[in-house]
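Scroll down for the structure; my scribbles are underneath it.
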Amino acid sequence: MRNHWCKTILLGILAVTMILGNSEKTLACDNLECEQSSEIVTLSSGMNNTSRHLTVSNGTAEMKINYITETKMDSIVVSVRLQKYSSGTWKRLKIWDDVKSSGRIITVTKNYKVTSGGKYRAKFVVTTKNGNSQKTETFFSNVVNY
């Protein structure tokens, strides 16, 4: 009986750890509370190390993501989307796709002309494939007022 309770408690702790660990994989800034976040956000999990940021200077937005996996992948696809906050929602201004045929590291930098008087962010969708296994993760940059 005691062994059963120990296993039950251990499974409960494991479940809570997995739920809390996965909640950090997507940093959604769908509301404006994320505006005060730092310029460069780094996320580390058991599968990857990711940094991404958005800067706007002299009318040009620069979006950059650096994605590193623990093991070599057959392919890594990164979709970069520049978004502008308007009428209570994030609207897509531009989208790019970059593909790396194989490897562990992909760095993507994109630039786009923007107008002043807005709130901007970048959305990064990363899809990794290894054999028959595929994983997609979504990351958001900081919000920039320009």
request  = Please report the C-alpha distance between Lys129 and Ser75 in whole Å, then the side-chain angles of each, then the deciding distance to 0.1 Å, and finally whether the side chain to side chain donor-acceptor pair (under 3.5 Å) criterion is met.
outcome  = CA-CA 5 Å; Lys129 295 179 185 174; Ser75 72; 5.1 Å; no

inquiry  = Show, in sequence, the C-alpha distance, side-chain angles and deciding distance for Ser102 and Met73, and conclude whether the side chain to side chain contact (heavy atoms under 4.5 Å, CB included) test is met.
reply    = CA-CA 5 Å; Ser102 68; Met73 295 288 141; over 6 Å; no

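Considering every non-hydrogen atom in both Val143 and Arg121, the closest pair reads CG2-CB, 4.3 Å. Among all heavy-atom pairs drawn from Thr115 and Tyr120, the shortest one is O-OH, 2.6 Å. The heavy-atom pair separating Gln83 from Lys123 by the smallest distance is NE2-CD, 3.8 Å. Closest non-hydrogen pair, Phe124 versus His53, comes out as CZ-O, 4.2 Å.
A 4.5 Å side-chain heavy-atom check between Met63 and Ser141 finds every atom pair outside the cut-off. Proximity of Val78 to Asp97: side-chain heavy atoms (C-beta onward) are nowhere separated by under 4.5 Å. The shortest distance between side-chain heavy atoms of Ile65 and Thr50 falls below 4.5 Å. Counting heavy atoms from C-beta outward, Thr71 and Asn130 have side chains that approach closer than 4.5 Å.
No continuous path of ILVMFWY side-chain contacts below 4.5 Å connects Ile95 to Tyr85, so the two sit in separate hydrophobic clusters. Placement of Val125 and Leu54 in two distinct hydrophobic clusters is found when ILVMFWY residues are connected by side-chain heavy-atom separations under 4.5 Å, directly or transitively.
Salt-bridge check for Lys64 with Glu62: failed, with every basic side-chain N at 4.0 Å or more from each acidic carboxylate O.
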Listed pairs under 3.5 Å, donor-acceptor, residues 103-112 side chains, sequence neighbours left out:
from   : atom 1 : to    : atom 2 : distance (Å)
Arg104 : NE     : Thr69 : O      : 2.9
Arg104 : NE     : Glu70 : O      : 3.4
Arg104 : NH2    : Thr69 : O      : 2.9
Thr107 : OG1    : Asn66 : OD1    : 2.5
Lys110 : NZ     : Asp98 : OD1    : 3.2

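Side-chain contact of Thr128 with Lys135: a donor-acceptor pair under 3.5 Å is absent, judged by distance alone.
From Leu82, atom CG reaches atom CH2 of Trp96 across 5.5 Å, with rounding to the nearest 0.5 Å. The OG atom of Ser57 sits 7.0 Å away from the OH atom of Tyr146 when rounded to the nearest 0.5 Å.
Not counting sequence neighbours, the partners of Thr136 by the side-chain hydrogen bond (donor to acceptor under 3.5 Å, both in side chains) test are Thr127.
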